[in-house]
Amino acid sequence: MPEPLEPFDDGRAISHTGAGGATDLAMEEGESLEKTPGGPLGTGPTGKPRSLWSDAWHDLRRNPVFIVSGLIILFLVVIAIWPQLIASGDPLQCDLSKAQEGSQPGHPFGFNGQGCDVYTRTVYGARASVQVGVFATLGVTIIGSIFGGLAGFYGGAWDGILSRITDVFFAIPVILGGLVLLSVVTSSTVWPVIGFMVLLGWPQISRIARGSVITAKQNDYVQAARALGASNSRMLLRHIAPNALAPVIVVATIALGTYIALEATLSFLGVGLKPPTVSWGIDISSASQYIRNAPHMLLWPAGALAVTVLAFIMLGDAVRDALDPKLR
């Protein structure tokens, strides 16, 4: 026979089971699980499974590498848009009487070989570098994703032609191509440099997008959509593209830092950005001949460039870890 009911202080009763457990306790545990914020692991606040993107954002918010790199990049973007927030001087205003002088009150980074304030030029140099990196990455990602996605989806002759074109671009050394193509450009704006990076950078994204689309279109949900009569454009835009973007975003994020370093390299060689544009690469190039007598001229723009590139590479690594299911 079942054991007698034992009253609680609040008037409830619990009936012991033969296994020594308690049915009321099990019911309470079940209710507590339902009320737990966020639900079980891998589910959202409503208990439904999270998508790849929401799951990646959930991981990124708890990744210190992403937080640190994101804060650095946010700071760089802010000073690139509004450099006057932290630098009140004019980067083109120089005083030859102070050439190569070190740190002074109001001029913490000293002066360069022309007597310009190194601190002001370092702050304003972020604008050109961030602008080149962002727009070059956008152009490369858009063009490469379109060509690569179409080649991977349709295949056939289109895929073969695109593969041969990308092979030709991969055979061109980037630095040599920059020396040849940009040496005839006289514009001092950032757009010739951005155009050159897009011209030689899209084949890499194209190959990534092509392989990702080929993998995605073999999934069961794509075959089911095809069997239900979905058009090619609907399958490509609604079913394949959202699930093929993750590798492209990872590569593009890392490439953004690479393009900033490439701009500085081309400017150092004299074929990238040109004065009066303020750029870290230009300042590094002009300071290289004074490295023994005035190392501060080289230290600050080179340090800002290194921190910027490192921040974007760290951000790309964090995004890759969050979007790659194999690393979970």
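For reference, positions follow the sequence shown, starting with 1.
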Check this for me, if you would: do D167 and R207 make a salt bridge, where the nitrogen-to-carboxylate-oxygen distance has to be below 4.0 angstrom?
yes

Shortest non-hydrogen contact from L305 to A264?
CD2-CB, 3.5 Å

Pick one: which of W191, Y259, F196 meets ring pair (Phe, Tyr, Trp, His ring centres under 6.0 Å) with F135?
W191

If you group Ile, Leu, Val, Met, Phe, Trp and Tyr by side-chain heavy-atom gaps below 4.5 Å, do L200 and V248 land in one group?
yes

I'd like to know if the side chain of R210 reaches the main chain of G148, judged simply by a donor and an acceptor atom lying under 3.5 Å from each other, with no hydrogens or angles considered.
no

Flag, side chain of S212 to backbone of P247, donor-acceptor distance under 3.5 Å
no

Within a 6.0 Å radius of atom CD1 on I291, are there more than 12 heavy atoms belonging to other residues, nucleotides or ligands?
no

Is a side-chain N or O of S286 found less than 3.5 angstrom from the main chain of I282, in a donor-acceptor match?
yes

Let me confirm one number: the OG-CG distance from S145 to L245, rounded to the nearest 0.5 Å.
6.5 Å

Taking the side chain as C-beta and beyond, is there a heavy-atom pair between L199 and L181 under 4.5 Å?
yes

Sorted by chain and residue number, the side chain to side chain contact (heavy atoms under 4.5 Å, CB included) partners of V68 (sequence neighbours excluded) come out as I72

Determine the minimum heavy-atom distance between A304 and T122, stating which atoms define it.
CB-CG2, 3.9 Å

Under a 3.5 Å threshold, yes or no: a donor from one side chain and an acceptor from the other, between T277 and S279?
no

Indicate yes or no: at least one non-hydrogen side-chain atom of N63 is less than 4.5 angstrom from one of I67.
no

Heavy-atom pair of closest approach, residues P108 and S103:
O-OG, 3.1 Å

Tell me whether the count of non-hydrogen atoms from other residues, nucleotides or ligands lying under 6.0 Å of CG in D220 goes above 12.
no

Are the side chains of W202 and F147 in touch, meaning some heavy atoms are under 4.5 Å apart?
yes

Is there a donor in the side chain of S88 and an acceptor in the side chain of Q84, or the other way round, less than 3.5 Å apart?
no

